[in-house]
Structure formats: C-alpha cells, structure tokens
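Structure first, then comments.
Note on naming: letters A, B, ... go to the chains in the order of the sequence lines (proteins, then strands), and numbering restarts at 1 for each one.
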Amino acid sequence: MPKIILTVRLLMVLLAVPALGQLMGLRAPSTVSAGSSFSITTTGSGPATFYLLGPSHVVKQTIQLGQDLPISGSDVGASGSYQAVACDSVGCTSTAFYVLPSSPARLSFLVHPSRVPVSAGNAINATALVYDRFDNTVLAPTPVKFQFSSSGAAPYTRSLATARGIAWLQLGSSSKQGPLQVVASVGETAEPRVIQQVASEACGLRMQAASSSRSVRLQTDPIRDCSGNPVPDGTVVSFTKIDDAGRSTVDTPIKKGVARAQFAVSGRARISVACGVVLGNEISIGGEP
Amino acid sequence: MRRSLPFVIALVTAALVAAGWWQAGGYRLRAERAAGTAEQAVRALMADIQAHNWSDAYASLDHANGLQESDFIREVAGADGSLRTYSVLQSFEVWPLHADANHSTQRVRMNWSSAVGSLDELRDLSVVRDGSVWRVLWAKPDFPNVPLQVLPVNYLRWDVVGHRSDDWGAGSVDSPRVRITSMNAVERPDRVLILGEIENEDTVPAYLNVNATLLKPDGSSLEEQDSFDAISHRLLPKEVSPYRIDFPGLRLSQLKSVRMDVRALLVPASADPVISVENQTIDKDALGRKILKGALVNQSGQTANIAQVLAAFYDSSGKVIWVVDGYLDQALLPQAPVPFAVSIPDDVAARVQSYHVVVNHYTAPTA
C-alpha cells in the first residue's frame, strides 16, 4: 500500500513538471531601431492579453503564450522607453526595452536673421536639428554639411557633427550685398534657406543743388555704403533747409539709388542732408529775394 | 361737443409742432438769424454752418469781396476727402475784438467734431453794417492755383507675399528691426507723459506700436498704455517718428520705472506721397500762445486726404522734452502748401532748442 501511495505521488509530480516549465514570461531585445519590426518571445501557455506601452502609443491585443509575438515597425515609431506587459488569469509579467532613433531622414534648419547688413561679424546663425523619418531627434553624432553660396563669390562648405541632435555655427556676412543661400544637408536630405545681405549705413553722402529763381532742386549722388553697395531704395533721406522763413524739411525715400527734393527759396539758405545717423554735405545758396 | 373736437385736435397739433420747433432749436436759430448786431450776425452764420444750411449761410454774408458760393462751401464743408468732410461744427463761442458804428471784428472759436476727435479753429471775422443788419465779410479763401503740369511719379512699393510655414525655421522672415532712440518721462499738472522717438533701422517698412507700462516701487504694474495715434505707425527704412503716451491722473512720484515695449510688423507699404514741411517757425497765435507753425507741401502727384503733423521738441542736450500732434482739416493737393500750427506749452517753449516735424498721412484708396 505505501508503494502505491508513493507511485501516485511520483506520478502527480511528473504530471506537474511540464506545467512548471511553462511559466508566463516575455523576452524582448534591449534596444530596437525606431520603425523596425521585431519579435517578443513569450513563454507559458494559454491565452493572455498583451500591452505595449510607448512614449506616445499604446497597443493592446490578445496573444497565445508560448509563441513569438511580432511587433510592427509602426508600433515603435517614437523613440524612448517601452514596456511590454502580458497578463493572464494568474497574473502579469513585463519587460522593458528602448527604441533608438533610426537613421537621419529630415532636417529642421533655422538661419537667423533673415536680413543682415554686409560686413557684420558673426551676425549669421545657422542651426540644424536632425530627425529620423519618425521625427525623433537623432542623438548620435551625425555630420551636417552647410553650404554657402552667394552671387559673385565662390561657394564654400563647412561640415559639423551634431551634438545631441543639433549642429550650429556662426559666421559673418560678406562685404557684397545680395542673397546668401545656405543649404544644410544630411545624406540625401537638404534644406535651403536664403538670407538677404543688405547694404549698411550710407557712406560719403553728398548732394548737388540746381537752383532756379524761386526754387532749388536737390539730388544726392548715388547713395552707397562704405563697401560700395547701393543703399536700398525706399531708405529715407532727410533734407533740411534753413533760411529767413524758418526751417524746412523733407523726408524723401531713395528711388533708383538717389534721393531728390525740392524747396522754395527766398534769400540765402543753408541746406543739409542726412540718412539715418549719417550726415552729408551742406550747401549754401543765395536765392533771389 | 362734435363741433369743438376738430378745433381741439388742430390746437393740440399746432402746440406740438411749436414745441418740436422750440425743442429743435428753431427759436434760437431764428433769434441768431436776426442780425441786429455784429455778434448776432456771426452767431447766425455759425448756426447755419452748424445746420449745413450753406445757401442761407452764403446769403447772409457780405459779398463785397466777390466771394463765390462754391468757394465758401468748399472752405467750410471741406473737399477732396479732407478731414473737414468728416466733421461737423459741434459748438462755437463768439466774442468781440473791435467795434465801431459800421464795422466790427468778432473772434469765433469753432469746435469741430471730426473723425479723429475734437478740433478747434480760431477765426477773426470782419462784420459790416448793411443798412439795419450786420453781415459777415468772409475772407476770400486763397486756394492754391497749381499750374497744369505732368508730374512723373516712380512708385516704390513693398509687398509681403507667401505664408508662414508651420515648420520650425522654414518661415524665417524676421520682423523689422526698430529701436527706441530716446525716451523721457515728463510730468504735467494733470498727467504723466512718456515721450521719445523711434527709428526703423531695417531695410524694409515697419508697422509699429509703442507700449509703455508704468511700474510701481514694488515692481508691479501701475498702468499700461500705447501710443495710439501720437506716432507715425508706418515707418520707411531709416525713418524716425516721435511718439507720445499719455497717462492721465498720474504723478511721477507714483512710479519707479517705465517698461517700454515695441511691436513691429512686416507690412506692405508705399513710399509715396513725399510731403515736405516748409517754413517751420516757433511763433505766437492770436491768443498769444506759443505755436510751431509752417506749411505742408505734397510733393507727389496724388492727393493726401488727411494729414497729421507730429513734432518732437528737444532741449539743449538733445533730449525730447515735448511731443505734440495735430490734424489738418484740409486735404494736401499736389504741390499746394497747406498751413499748420501746433501749440507748445509756454514752459516747454522756453526750453526748446530744436525740433523735428514728421507728417503722417491717410490717402483714400482710389477706385
């Protein structure tokens, strides 16, 4: 009789062994590239509910334990820490893994300012942020190529590696006005930006006067900055006339490179010209009384 | 009873009509039209102008100087989309300056209610006796007679095109770079003023507004105002505008500091018209007040309907000590000078060393 009891106990233990080998478990790779499909290995048996918790996405599905669970690349688009959880009638088990950004696929590129005076040192700031195709910032150092080209000057290139996803540089403007195209590129991806290099303050402002019996017509020489760039049309030039009748002023915009004005004159008059903070020459005229 | 009812109804109707006439100022108008004295003649004329009775007003005038009705109406009612065309005579005061048996000089202060606020006009009127009545001799307006000419105009315009992108860095067109070049807090008996000048340092036109926040000694905000219309909002590159911000009922002793804030926007703009400010002098008006006067000349070929003069006054150290603005009720026709005057407080005028006048204008869109 004791032998029969022992045999029954052994039989029960042997029947229980397979069940011990099928405890519920999940095993995932420690890191995955964003957008890549992969599998999570499950152990155990029977049905369970599976949850995938990501930074911006949650997946819930019923699975069969003991089979590999395929995870679609679209479920792991956002980089960051993920947690996989499986629950059955007994309890839950989980595992964590990390999704890394995939290869660089997109650039955000800011060039500041959009208008810059010529010959200004370190006035241009170009900043590029590198993303993968799921808009994850690519944190791994990535070479970014900045190409600068402007009319009348040879294009040149500077290459920088990103630090925590950002590559930036400062540079001065050239001495010649006109558009400066800056292209940032990573691999096949390129983002162009254009900034305008504009003339600086007027330099050597001079005017000529042509007087008739009752009026004087004033016209400046072509107004240029100290690098020889024409000051943009529309820039206001102020003419001031002082005579016995008082002070007369006219703010007139530059048109076709020069500014013109006209004053009525009676007697002697002194006329000056200014553009912004720059003073030009002064003319004295003696009109008819 | 049946016979008396129509009579009663007619009586009540007549009483109501009379009451309405009285209420509408008919009695006062009739009294003012009875020009038995010089002052009554002026009052009658003003009443007609107030009621837009141009024909009656013109008929009441003395026509010895050959004044045409059309010229009178053009001067009083305005023309060419000027500010006067958007104005009505709100009130007037009349007082005598000189009088003899046949001639009198009456001074009238007209208060016009206009689209930009209240405007005062002071005018000395000659009044002459014509038999038993007095008639105003309205000075013949001296409208400029610009000879026919062809004026070449090279239009210069800026337009803002495209749209901002939502992508970071893609829509990167900076706002215009503007700078407050001076700021001064001034105390007047009834208010605190923040005065100064602002310059567009960029190469594109800017639409700007200046805000001032007065801060208490504990750093908290006391009051915030913007420059409203006491600034030229649209500045071309390198153009400078005075600004003035009023804080009524405050004292400088209540403040610790002022925080200035400038908002500049890219806007489409035109460089025309060019308006010169001629013959600027500081003088006294008929009331003995200090004024800055001069004339505006529209040097372009397009009429500027409404013009505003903004003047900044500097002391000997170059600090802005006063900013004043004034609207002109006449339109600026091409090449035609239009006089202007803005008043300066006497205590400020004594310290004025220099001044800068700019012109703000509104031109109605043409069809």
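Few gaps surround CZ on B:R351; more than 12 heavy atoms of other groups in view lie less than 6.0 Å from it. Taking a 6.0 Å sphere around CZ of B:F228, one finds it holds 12 or fewer heavy atoms contributed by other residues, nucleotides or ligands. Residue-environment remark: CG (A:D244) stays at or below the threshold of 12 foreign heavy atoms within 6.0 Å. Heavy-atom neighbours of B:D142 CG from other residues, nucleotides or ligands within 6.0 Å: at or below the threshold of 12. The neighbour count for B:K293 NZ, taken as heavy atoms of other residues, nucleotides or ligands under 6.0 Å away, does not exceed 12. Environment of CZ in B:R123: crowded, with over 12 heavy atoms of neighbouring residues, nucleotides or ligands closer than 6.0 Å. Heavy-atom contacts from other residues, nucleotides or ligands closer than 6.0 Å to CD of A:E188 number 12 or fewer.
Between B:S276 and A:Q262 the shortest side-chain heavy-atom distance does not fall below 4.5 Å. Within the 4.5 Å cutoff, side-chain heavy atoms of A:D251 are placed close to those of B:H356.
The shortest heavy-atom contact between B:L236 and A:P253 is CD1-CB, 4.3 Å. Annotation for A:A261 and B:Q299: closest pair CA-OE1, 4.3 Å, computed over non-hydrogen atoms. A pairwise comparison of heavy atoms in A:V236 and B:K238 identifies O-CB, 4.0 Å as the closest pair. Between B:I275 and A:V250, the shortest heavy-atom distance links the atoms O-CG2, 4.1 Å. Nearest heavy-atom pair, B:E278 versus A:S248, reported as atom, atom and distance to 0.1 Å: CA-OG, 3.2 Å.
Between the A:S114 side chain and the B:D174 main chain, a donor and an acceptor come within less than 3.5 Å of each other.
Neither the backbone nor the side chain of A:I195 comes within contact range of chain B, judged by heavy atoms closer than 4.5 Å. For B:E239, the parts lying under 4.5 angstrom from a heavy atom of chain A are both the backbone and the side chain. At a 4.5 Å heavy-atom cutoff, the contact between A:F263 and chain B is made by backbone and side-chain atoms alike.
One finds the CZ atom of A:R247 at 9.5 Å from the CG atom of B:L292 (value rounded to the nearest 0.5 Å).
Of the listed residues (A:P117, A:G234, A:C275, A:P232), the one with the most heavy-atom contacts under 4.5 Å to chain B is A:G234. Interface check for chain A: of the options B:D202, B:V277, B:N200, the most heavy-atom pairs under 4.5 Å are formed by B:V277. When the candidates B:T181, B:T203, B:T281, B:V358 are compared by the number of heavy-atom contacts under 4.5 Å with chain A, B:T203 comes out ahead.
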Is there a side chain to side chain contact (heavy atoms under 4.5 Å, CB included) between A:I242 and B:Q280 once you walk through the steps?
CA-CA 9 Å; A:I242 297 175; B:Q280 307 159 39; over 6 Å; no
